[in-house]
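These notes are about the structure you will find just below.
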Amino acid sequence: RAVAAATQPLLGFQAVPASVADAIVVPPGYKAEVLIAWGDALFADAPAFSQSNDARAQARQFGDNNDGMSFFPLGPDRALLAVNNEYTNYEYLFADGGKVLSAEAVAKAQAAHGVSLVELVRIDGKWQANPRGALNRRITATTPMTLSGPAAGHALLKTHADPEGRTALGTFNNCANGQTPWGTYLTCEENFNGYFGSAGKPVLDQRAARYGLAAEDAGFGWHRFDERFDLAKHPNEPHRFGWVVEIDPHDPASTPKKRTALGRFKHENAAFTINKDGRAVVYLGDDERGEHIYRFVSKNKVAPGKDPANRDLLDEGTLYVARFEAKEGELKGTGQWLPLVHGQHGLTRENGFADQGEVLIFAREAATRLGATTMDRPEWVAVHPHRAEAYCTLTNNKNRGLKENQPLDGANPRAENPYGQIIRWRPAGGDHGSDSFEWDLFLLAGNPEVNKEGLMAGSANINPDNMFNSPDGIGFDEAGRLWIQTDGDYSNEKQFAGMGNNQMLCADPTSGEVRRFLTGPIACEITGLTFSPDWRTMFVGVQHPGEELAPSHFPDGGTAIPRSAVLRITRDDGGIIGA
Ligand code: FEO
Ligand code: CA
Ligand code: CA
Ligand code: CA
């Protein structure tokens, strides 16, 4: 029996072809159904979804643009799903497409952001959302949160409304996520800069510019109706965003904590693991062209189970940034984790870092000073469940080879990289706490039909039947299957011809085989994945179907406006997903 199990191939499903349909397609024998969608009620007093729902209604409904998510078991047939709500699409959020904004409109947008916590119940073997769940909760762009860790109370975090620099309001642009073994949820603040702006003349130095802060916002208009977001009036407010936030999902009255020890940047996800001597290791990507990959290692050891000793474990430890080295022409090599510690390696007062708080608030600048490698937009990191190995998606980078600080190198080997790659590293001694590692590229996405040879064709494990671009969400299941989600160019033309809509694939990390598992509807991104504890239900996110008014009516069909949604994926025979 053991022999049979050992020879069983890791990937057991039939590949699906690329698709341009406004539909979810999964392999034969699988079913994908909507679990919950933007605007669905989370409380008894919440109205049903309508585009005309106001801010008050939205704050009682499932948020928009669901992204990373985690499953928390509460019992054999009861669970809690924590889901990020990254942002909104004004073209659908408002009946007028956001043409005329108002304080009420901005309040609705703020209420659609953050995190949705929704209880699940298993009825007749199927996990379903419980709109009356006692632990259902909405966390939005205005929910009070504690700033904790080394930067808490720092002068740069103090504002008129919070002279102590210890209480921030809300979280937004929550991209991906993480989960701790002590039962908390980690939500990661990504492109926070786009919500700030000013009609006045804010003072924006190089440090502000490094985070993309500018008088002109990304078009959300928050600063026009909520002065907290006006950079000229509240220059320290953006320092209170760009953090990883820890949430206790089991206590709806708990105050989320922004863990400043994990650094301030455009956080993608927080991949949690434990090193050989029992400390917490959290791998972190900073998703911007030419930014870096980080690692946090806690000072103290993780106590078993839900021990309250873990409550503030993420407040003390060391943040590191990665440097990747390779011999000329090689796509593999060695690397180092460089510590972001005040007083060491030039992170000194003379160089603009008065203390550890300032190192963490301007982690990007500190990383540059240490000689960190500029990467092709680090998105998610995933840690292999059985081998000391971590994977990170580098989604694409049009600046590679063009900007002076982003030269071609072994880890980022393609100029103007349109397709992305997945890098992986193996820590020395099989210990995620080691400061050195070996790395290689698990795959280079590419188009072998358009590019007959060279690196743009993709690595050897990419072929016309599995090609895709812009890997983003990744995660392992217990068997060690690597699930890969895409957020790429879905034009299906030119260098992207034959790739179709955004999708999810599954890879065998040992053989390198990559097989397409799911294709999404028109103009969506596939992002966010988690499993039930028996690995027989998979939850997958469909984000911004029909963005920019592309012709999608997913999931309601007919003439309905499209909505982001979480899918429940099961097998008709009740088997393990992917096997
Ligand atoms: Fe929100 Fe980098 O993706
Ligand atoms: Ca992403
Ligand atoms: Ca992305
Ligand atoms: Ca996204």
Side-chain angles (χ1 to χ4, degrees), residues 63-70 83-89 112-115 141 171-178 186-195 211-212 218 220 241-245 263-271 283-294 364 374-382 391-400 417-423 445 468-475 482-491 496 499 501-505 520 523-530 540-545 547-548 564 566:
D64 200 359
N65 274 40
N66 49 270
D67 205 308
M69 57 186 153
S70 297
V83 188
N84 287 351
N85 297 115
E86 188 179 29
Y87 69 108
T88 56
N89 302 94
H113 282 70
V115 178
T171 187
F172 42 83
N173 217 274
N174 302 76
C175 192
N177 63 309
L186 302 173
T187 182
C188 303
E189 298 176 343
E190 193 187 19
N191 296 302
F192 63 89
N193 58 304
Y195 299 85
Y211 287 88
F220 298 118
F241 298 89
W243 303 106
V244 172
V245 186
R264 175 172 168 266
F265 40 91
K266 296 187 182 177
H267 279 280
E268 185 71 20
N269 82 331
Y283 288 114
L284 307 155
D286 180 358
D287 179 11
E288 185 140 39
R289 296 176 195 102
E291 291 298 339
H292 311 299
I293 298 172
Y294 295 80
R364 286 179 161 186
T374 63
M375 308 300 286
D376 285 348
R377 295 186 55 198
E379 300 248 31
W380 297 44
V381 180
Y391 292 65
C392 179
T393 46
L394 301 169
T395 198
N396 56 53
N397 181 3
K398 66 183 180 189
N399 292 342
R400 179 62 58 184
N417 178 10
Y419 297 125
Q421 64 266 23
I422 299 180
I423 194 168
F468 63 94
N469 73 91
S470 306
D472 188 339
I474 47 172
L482 179 64
W483 298 88
I484 305 167
Q485 303 178 316
T486 74
D487 170 24
D489 188 305
Y490 45 75
S491 64
F496 306 106
M499 294 178 173
N501 294 348
N502 276 307
Q503 55 196 269
M504 182 162 68
L505 307 104
C524 80
E525 161 185 350
I526 299 297
T527 185
L529 72 159
T530 190
V540 171
V542 178
Q543 195 191 48
H544 62 67
E547 67 173 352
E548 293 171 358
S564 295
V566 175

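Computed from a prediction, not measured in an experiment: that's the story for all the values here. Note that ligands are numbered from 1 as they come in the structure, with each ligand's atoms numbered from 1 the same way.
Checked options Asp67, Leu186, Asn84; the residue passing with Asn177 is Asn84 (criterion: side chain to side chain contact (heavy atoms under 4.5 Å, CB included)).
With respect to atom 2 (Fe) of ligand 1, Glu190 has OE2 as its nearest N, O or S atom. With respect to the Ca ion (ligand 3), Asp472 has OD2 as its nearest N, O or S atom. The atom of Glu268 nearest to atom 2 (Fe) of ligand 1 is OE1, with the search restricted to N, O or S atoms.
Aromatic rings from Tyr195 and His113 are positioned such that their centres are separated by under 6.0 Å.
For the pair Asp64 (side chain) and Thr88 (backbone), a donor-acceptor distance under 3.5 Å is absent. Glu189 contributes a side-chain N or O that, together with a main-chain N or O of Trp243, makes up a donor-acceptor pair within less than 3.5 Å.
Vertex atom 1 (Fe) of ligand 1; arms to Glu86 atom OE2 and Cys175 atom SG; angle 100° (nearest 10°). To the nearest 10 degrees, the angle centred on the Ca ion (ligand 3) between OE2 in Glu379 and OD2 in Asp487 reads 160°.
Distances from atom 2 (Fe) of ligand 1 show that Glu379 has an N/O/S atom below 2.8 Å. At least one N, O or S atom of Asp287 sits under 2.8 Å from atom 2 (Fe) of ligand 1.
With hydrogens and angles left out, the side-chain atoms of Asn502 and Thr486 include a donor and acceptor closer than 3.5 Å. Using modelled atom types and a 3.5 Å distance limit, the side chains of Asn173 and Lys266 yield no donor-acceptor pair.
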